Asks: 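Let me begin by handing over the structure; questions about it come next.
Keep in mind that the numbers below use all heavy atoms, side chains included, and drop hydrogens, waters and symmetry copies. To find a chain, count down the sequence lines: A is the first, B the second, and so on, and within it residues start at 1. Computed from a predicted model, the values in this text were never measured in an experiment.
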Protein chains: 2
Amino acid sequence: MTSGLDIPPAWIAADWGTTQVRVWLLAADGTVLARRTSDKGMGRISPDAYEGVLLELIGDALPIEGKLDVVICGMAGSRQGWSEAPYAATPCPPPSIDMATHVATQDARLNVHILPGVKQMSPADVMRGEETQIMGVTARDAQFDGVICLPGTHTKWAHVQAGQITEFATFMSGELFNVIGDHSVLRHSVGRDGWNETAFRNACVKAIENPNTLMQSLFGLRAEALVADLSPEAARATLSGLLLGAELTAAQSYWDSSDVTIVGENALSQAYAAALATQGKTPRIVDAEETTLNGLKAAHSHLQESQS
Amino acid sequence: MTSGLDIPPAWIAADWGTTQVRVWLLAADGTVLARRTSDKGMGRISPDAYEGVLLELIGDALPIEGKLDVVICGMAGSRQGWSEAPYAATPCPPPSIDMATHVATQDARLNVHILPGVKQMSPADVMRGEETQIMGVTARDAQFDGVICLPGTHTKWAHVQAGQITEFATFMSGELFNVIGDHSVLRHSVGRDGWNETAFRNACVKAIENPNTLMQSLFGLRAEALVADLSPEAARATLSGLLLGAELTAAQSYWDSSDVTIVGENALSQAYAAALATQGKTPRIVDAEETTLNGLKAAHSHLQESQS
């Protein structure tokens, strides 16, 4: 087996999430030699399958002699994952390699480290993977002081100050959008695709200005489709806006008096930016994947320091 | 085929919902001669199947000559049902038989009437079936003036004054509890059964006192299970309490200055009563099925008047 790479990688970075795995084969100077993905996320495989999945992804790049560092963030470190990487507790810096869990492998050429997640005791909260993205932000800007919003199925909002994650909160708005749109009576009224930006912004504002009416507004989408011909596209955008508006209401202490940096995929980041814009905020948007990789690089640079 | 009934029924009352059908074979004085059920609700059959399902349920009781009145409430009157019974619009009394849709049948011995639902244009809302339960309350108490709460998958709250439904609101809390507990990440933390009454009441109060925190509290159940060993029973009761508390917050204009009558199944009615009790309210509880039947009887008495 040949790697098809002109240069052998110096180390491997990996983001092992619930549904997807991404690995980057990196040169010593941080250049990405190759990027590979698999759908064998934590939710689809058992603990004893991880090494095999990793070898499928990067086995061709292993050295004949010696070891290759693999630094992993994300759900591979959960209790149901490859090997549990216990949480660091807030307030704390994003956990680096010195807190990582070293995983024993059958293939002696692998030197696998899984980065811990972060927990908060009150109010109870957890993250796995986002702490590495936060490190990706602070690695590029050691003076960073503000709020980082990481939108996704479970969006995180984090206060970051002097390199520390001081507080964070998770919102299930993205997952609620999916389960309500797919499994409740609203599935008859909410389109699977299509969008109406005005309906989205109006719904954000309505949810923020009248937070108590969210529960009534949800069934209202079904009723408006029945008695007022609400279109599936407008219903979809309205449901999204109502949930995101409710999230912004609950997360107000995060965004109302700090600069906000959004770390996410483009479409979702734009939706968050549009929602924040209704409240007069102009967040900075940075790319999620690039930020994850920057965080993994920062973790690995600490590993090199400790090995040297 | 014989009916097994000593007395032939004078008419048939039916509550044809989304998942279930209930029919009552009634004597002229309102005595229930028989009660029968089927799982062939609106959600499971096509429009051309209704007559056959009805004949399975009551064909044995049809007269050799003449016609038997069948008065139906519920989703059989929806656009996807047997025959659309157009909504009455608020403010209005619960629609009676004079607004019913007469359905043509192949069996000439059937005289089928479907009662309309009620719609509200702003905020948009709809009900089908609950209006007949409201009639069941007002038929027994012509002076009724107050609020009727009809808990279920989609709970309705209605202001009723001088025989009129003046305003109503629908909340999907019951359905949200199911879809969140079954399909979101909380399925790992929320038990399928079990209960903790203290956790339920505390969550109600928390949601009412801090309505803005609902969105954060949801993922908090997952986090508390991970970092603080929250039990599946407590998580289940807390999820229910958070959603019901959010509903009470949104429905406050209904319950805070009126007497409340709850029309529902026992366990659910008790949960609503317990939630209202945290706010110092003592609702009256009446049985849902008996109230439905009383509403259908009131509708049929109008039919007799118009036929005589």
Asks: What distance separates A:T170 OG1 from B:L218 CG, expressed to the nearest 0.5 Å?
Replies: 11.5 Å

Asks: Give me the atom names and distance for the closest heavy-atom approach of B:V185 to A:M172.
Replies: CG1-CE, 4.4 Å

Asks: Nearest 0.5 angstrom please: A:N212 CG to B:L248 CG, how far?
Replies: 11.5 Å

Asks: Using non-hydrogen atoms and a limit below 4.5 Å, what part of residues 119-126 of chain A faces chain B?
Replies: A:K119, A:Q120, A:M121, A:P123, A:A124, A:D125, A:V126

Asks: Please indicate whether A:E265 has more than 12 foreign heavy atoms, meaning atoms of other residues, nucleotides or ligands, lying under 6.0 Å from its CD.
Replies: no

Asks: Heavy-atom distances under 4.5 Å only: say whether A:E175 touches chain B with side chain, backbone, both or neither.
Replies: side chain

Asks: Which bit of A:L243 comes within less than 4.5 Å of chain B, counting heavy atoms only: side chain, backbone, both or neither?
Replies: both

Asks: With a 4.5 angstrom heavy-atom cut-off, could you sort out which part of B:L176 is near chain A: side chain, backbone, both or neither?
Replies: side chain

Asks: How about B:K156 and A:F219: do any of their side-chain heavy atoms sit closer than 4.5 Å?
Replies: yes

Asks: Specify which of B:S184, B:S78, B:A250 makes the most heavy-atom pairs with chain A at under 4.5 Å.
Replies: B:S184

Asks: Between B:H183 and chain A, with a heavy-atom cut-off of 4.5 Å, which part of the residue counts as in contact: side chain, backbone, both or neither?
Replies: both

Asks: Sort out for me which of B:E224, B:R222, B:Q216, B:Q252 touches chain A most, counting heavy-atom pairs under 4.5 Å.
Replies: B:Q216

Asks: Heavy-atom pairs under 4.5 Å with chain A - which of B:H154, B:R79, B:E247 has more of them than the others?
Replies: B:H154

Asks: Mind ranking B:A251, B:P211, B:A246 by heavy-atom pairs under 4.5 Å with chain A and telling me who comes out on top?
Replies: B:A246

Asks: Counting only non-hydrogen atoms closer than 4.5 Å, does A:T153 touch chain B with its backbone (N, CA, C, O), its side chain (CB onward), both, or neither?
Replies: neither

Asks: Based on non-hydrogen pairs under 4.5 Å, which of B:T249, B:L230, B:V227, B:L186 is most in contact with chain A?
Replies: B:V227

